[in-house]
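Here the structure comes first, spelled out in C-alpha cells, and everything after it is commentary.
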Amino acid sequence: MPDAILALNAGSSSIKFALYWSESSGLRLRMRGEVEDMHEGGRLWVHDPDGRSISNEEVLRGPEAFRHALDWIRAHLAQDCLVAVGHRIVHGGAEFFSPRRLNRALIQRLAALTPLAPLHQKRCLEPFEEVLAFWPNVPQFGVFDTAFHRTIAPPASRFAIPRVYEEMGVRKYGFHGLSYEYVAGETATRLGLSADARVIVAHLGNGASLCGMQGGMSVDTTMGMTTLDGLVMGTRCGALDPGVVLYLQQACGKTAEQVQQILYDQSGLLGVSGLSSDMRTLLASDDPHAIEAVELFVYRVARESAAMASSLGGLDAFIFTGGIGANSPQIRSMTCKCLAWLGLELDEKANLRSGACISTKESKIDVYALRTDEEAIIARHTLPTLGGEGSSR
Ligand code: ADP
C-alpha cells in the first residue's frame, strides 16, 4: 500500500477529511468524508473519489463523533501506511504563515490566538491530541487559513484606529485562505483566466467571505482580524457599526462574553430569521423573517462585492464557491441580479446545472460556480513539509 496522507479540516459545525495516496505522479485522492454537525451529533459520511458512498453511519455527539471517524479511517488503512496528518489551522496570527510541524508547544501558542477566532481556533486545534493518541508516531502539520492573505497591504490591511494597536497586531488577516488558494489555482488551469484577471471569489458557506484577487494573490478580503467581519454568516453578524458593541455593553448591560456569544453564535441568518442558520432551511421556508434573512445575506454579498471591485480597480470574473455558493442556483441568481449594473449576466440554464461557467456569452464579467477543495490544499502543503522534516518512512 502506498504512503497515505490524511487532511483534516475542522470547521465550526463539521470535520471534513480526505485521504490521499502519495504516488510518484503526485497525490491521488482515495476517499473523502465528513462528520456532520458535531454539536448535535449526526452522521459520518465517506465517499470514494467519484462521490459513491462508502459509509453513511449515525455517530455519537461531540468528540466521540471524531474518534469514530478516526477509528473508521484506521480500520480502512493498512498498518503503518499513514505518513502524515495535515490540519487546517484557522488563525496563524502575525507570526505563522508557512506550514509548520505541530507539537504541544506550538499548539499552546496557537491556542493563545483563540480570542481572534473563538468559534474556530479551539475546534481546529482539538484534533491534534486525538490524532496523537491514535497514531503517536505520525507527524502532524498545520496549514494556515490566514496565510493566503499575507499579500494584503495597507491601506486594505489597516484599521483607522491609533497606530499603537496596529503595532500590537490589530490589522486585517483574512480567512478561508485554503479555499481561496484552491480557487486561485483553478482560475489559471481549469478556467483559463488571464494571469492579471481581477477576480472576486465569494466563499459562501456557514462562514462567508469575499476575496478580491489578482495574479492569484489576495488584494483584499471581507473578513478582518477575526472571523466576525464582512458578510452575513450562519450565526455571525458580519460587518457591524462598532457602536453597537458599546451599546450592548453599556446600555443593555451585556458582559464581553455575552456580546461575543450574541455576535458569533446568535446573529447572522439565525438571528435575523429566528429560525435557522442553515441556508437550505431558509430557502425552503415561507416565513417572512426567513425571507428577510436571505435578502439581507444577498444584499450584503452584493454590496461588499461592489466595494471589492473598487479594491481591485475593476472586475473580470466572479466565482461562487462554498456550500451555498457552489450549490445554490437561487442565491447565485439573486446575487447576480443585484450586480447586473456591474456587468454580471447569468445564463439561468447553466446556473441550474451548476456548470463551471454560468454567465451568458454577452456577460461583461465571467461568472463561475466551483466546488472548493480545502483538503487538497492541506495535503499539497503537508507533503513537501513532510519531506523537509526528513520524517518520511
Ligand atoms: P462550512 O463553513 O461549515 O464549511 P459549508 O461550506 O459546508 O459550511 O456550507 C454550509 C452551508 O451551505 C449551509 O448553510 C447549507 O445550508 C448550505 N448549502 C449546502 N447545500 C446547499 C444547497 N443545495 N442550496 C442552498 N444552500 C446549501
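Atoms within each ligand, like the ligands themselves, are counted from 1 in listed order.
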What protein heavy atom sits nearest [atom], and how far away is it?
atom                    : result
atom 26 (N) of ligand 1 : Arg280 CG, 3.7 Å
atom 4 (O) of ligand 1  : Lys16 NZ, 3.1 Å
atom 22 (C) of ligand 1 : Asn327 CB, 3.6 Å
atom 25 (C) of ligand 1 : Ser328 CB, 3.5 Å
atom 17 (C) of ligand 1 : Ile324 CG1, 3.5 Å
atom 16 (O) of ligand 1 : Asp278 OD1, 2.5 Å
atom 10 (C) of ligand 1 : Asn206 N, 3.6 Å

Output yes when a side-chain donor or acceptor of [X] lies under 3.5 Å from a complementary backbone atom of [Y], and no otherwise.
X      : Y      : result
Thr222 : Leu210 : yes
Ser363 : Gly343 : yes
Thr187 : Leu193 : no
Ser328 : Gly325 : no
Asn351 : Asp347 : no

Short side-chain donor-acceptor distance under 3.5 Å, [Y] and [X]:
X      : Y      : answer
Ser157 : Tyr173 : no
Asp196 : Ser194 : yes
Ser359 : Glu345 : no

Within-shell test, Gly207 vs ligand 1, heavy atom, strictly < 4.0 Å: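 A heavy atom of Gly207 does come that close to ligand 1.
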Min N/O separation [X] to ligand 1 under 3.5 Å:
X      : value
Gly323 : yes
Met279 : yes
His203 : no

